[in-house]
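All of these numbers come straight from a predicted model, not from anything done at the bench. The chains referred to below are lettered A, B, ... by the order of the sequence lines, with proteins before strands, and numbering in each begins at 1.
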There are 2 protein chains.
Amino acid sequence: MSLTRIHNFSVSLDGFASGEPQSAEAPFGHAGQRLHQWMMATQSWDASGTAGVDNAFAQQHDPGIGAEIMGANKFGPPGWPDDQDWKGWWGPNPPFHTPVYVLTHHVRPPIEMEGGTTFHFLEATPAEALETARAAADGQDVRIGGGATVVRDFLAAGLVDHMHLVQVPIVLGRGVRVWDGLEGIDEGFDVEVVSSPSGVTHFTFTRKVPS
Amino acid sequence: MSLTRIHNFSVSLDGFASGEPQSAEAPFGHAGQRLHQWMMATQSWDASGTAGVDNAFAQQHDPGIGAEIMGANKFGPPGWPDDQDWKGWWGPNPPFHTPVYVLTHHVRPPIEMEGGTTFHFLEATPAEALETARAAADGQDVRIGGGATVVRDFLAAGLVDHMHLVQVPIVLGRGVRVWDGLEGIDEGFDVEVVSSPSGVTHFTFTRKVPS
Ligand SMILES: NC(=O)c1ccc[n+]([C@@H]2O[C@H](COP(=O)([O-])OP(=O)(O)OC[C@H]3O[C@@H](n4cnc5c(N)ncnc54)[C@H](OP(=O)(O)O)[C@@H]3O)[C@@H](O)[C@H]2O)c1
Ligand SMILES: NC(=O)c1ccc[n+]([C@@H]2O[C@H](COP(=O)([O-])OP(=O)(O)OC[C@H]3O[C@@H](n4cnc5c(N)ncnc54)[C@H](OP(=O)(O)O)[C@@H]3O)[C@@H](O)[C@H]2O)c1
């Protein structure tokens, strides 16, 4: 069965998955790199990095994934739809290596990159986007890549099977909140929690099998 | 040195320390007992309870404390100032056994209870209240007992030396938020994090010694 998975999704203590304002110079706004330092310190990011629990979680990002769905604000900074040459943050060979569906109200033709990544632009409901991505994933799982808005919308629509969320013990104060409108969402999941010596806490949400 | 401490302060994943609406029947609103189940399952609450990490933290609540400061909404449900007989939720022998300073705009004469607890009612800034409580604590520490509003105000005023915060993996969606207005508050603290097999996560905030 093809699952819908979220990985390495990092939030502050106060529930923000991005700071503000987002810009080309500061993709995460005033959060800087604080939300992802835990990941950049692991072997999955840098060969000389750590090999413990943070790395074990980080490495689950790719295996078994056949397509990603991301939001317009993950794909580029404000204004990217006006730039016909914008091809994402990730250079000529992006780290996805699968079809990637960018949810946006500014659709454009697909962009084929090196290494197996093709960006498709889609105006669709979460359920429709998932159906499209799943067909492309060819039996493999679909990753919801963020940002907060898209994660929230997929959770609200009941479409998420597995979510790895990483809480970083910082108080951002402002940015994009992930939990708004999701009262009681925990009831549909089994939740496992483990803290890391690095200071972050890993939450694994697994959708309860309907009884 | 007399410290200002917070213990067993429980918040949801989305940062609420109480649900809504608060009432005599539901002191925590729609949160019910979900924020404190972890504590009620320990030996410190019930002799047949658990004796692990949750209990170790829960037991730090009392030793070394000479006075507590709490908010008006912890002391009683909406409307308690209109009831001249209201003496708190805790019966004739409340579990504080020290002077307790209730911050309120509805001051009344002190109420002496059994077992060493006396409720004092105070309209004062956090710093003034702390000075008063510290004088009464006779060299011991002062506990900030909550709720969220009072914890937030004492954090914002830079008056907290030690905070034990317990995160419960539920999404309350509404209630009283603790982190609002506290952007960057983590920078003044060393933060240690440990998850418990019960599913909650214990955060220990220790004020950084000024360098
Ligand atoms: N913390 C993490 O782990 C993590 C992970 C990924 C990204 N991020 C960060 O999060 C930020 C982006 O998050 P965000 O919440 O601002 O935005 P986002 O979720 O990336 O994108 C939201 C935008 O996507 C478009 N969109 C969403 N659903 C749509 C639909 N059904 N149909 C058509 N368009 C749709 C809309 O943009 P338009 O109307 O403009 O087209 C919407 O404003 C960035 O800073 C990124 O770096 C963080
Ligand atoms: N999660 C936990 O661990 C925990 C711990 C303790 C309590 N709680 C719960 O939290 C809820 C109460 O929290 P809350 O945030 O609503 O309220 P609170 O912090 O208990 O009390 C806030 C109220 O205290 C009074 N007050 C505060 N500062 C004052 C000052 N400097 N001078 C004068 N009066 C002042 C004001 O009331 P008036 O203007 O009406 O006088 C204010 O509205 C309750 O449901 C309680 O059961 C949770």
For chain B, which residues of residues 182-191 of chain A have heavy atoms nearer than 4.5 angstrom: A:Leu182, A:Glu183, A:Gly184, A:Ile185, A:Asp186, A:Glu187, A:Val191
Per-residue contacts, residues 10-36 of chain A versus chain B, heavy atoms under 4.5 Å: A:Leu13, A:Asp14, A:His30, A:Arg34
Part of A:Ile170 lying under 4.5 Å from any heavy atom of chain B: both
Minimal non-hydrogen separation, A:Gly199 against B:Val193, with atom names: O-CG2, 3.5 Å
In this structure, are over 12 heavy atoms from other groups packed under 6.0 Å from [X] atom [atom1]?
| X | atom1 | result |
| --- | --- | --- |
| B:Glu123 | CD | yes |
| A:Trp45 | CH2 | no |
| B:Asp138 | CG | no |

By ring pair (Phe, Tyr, Trp, His ring centres under 6.0 Å) - contacts of A:His164 (at least two apart): A:Phe57, A:His202
Gap between atom CG of B:Leu172 and atom CH2 of A:Trp179 - 0.5 Å precision: 11.5 Å
Only pairs under 3.5 Å count here: list side-chain donor-acceptor contacts from residues 95-103 of chain A, not counting sequence neighbours, and write none if there are none.
residue: A:His97; atom: ND1; partner: A:Gly115; partner atom: O; Å: 2.9

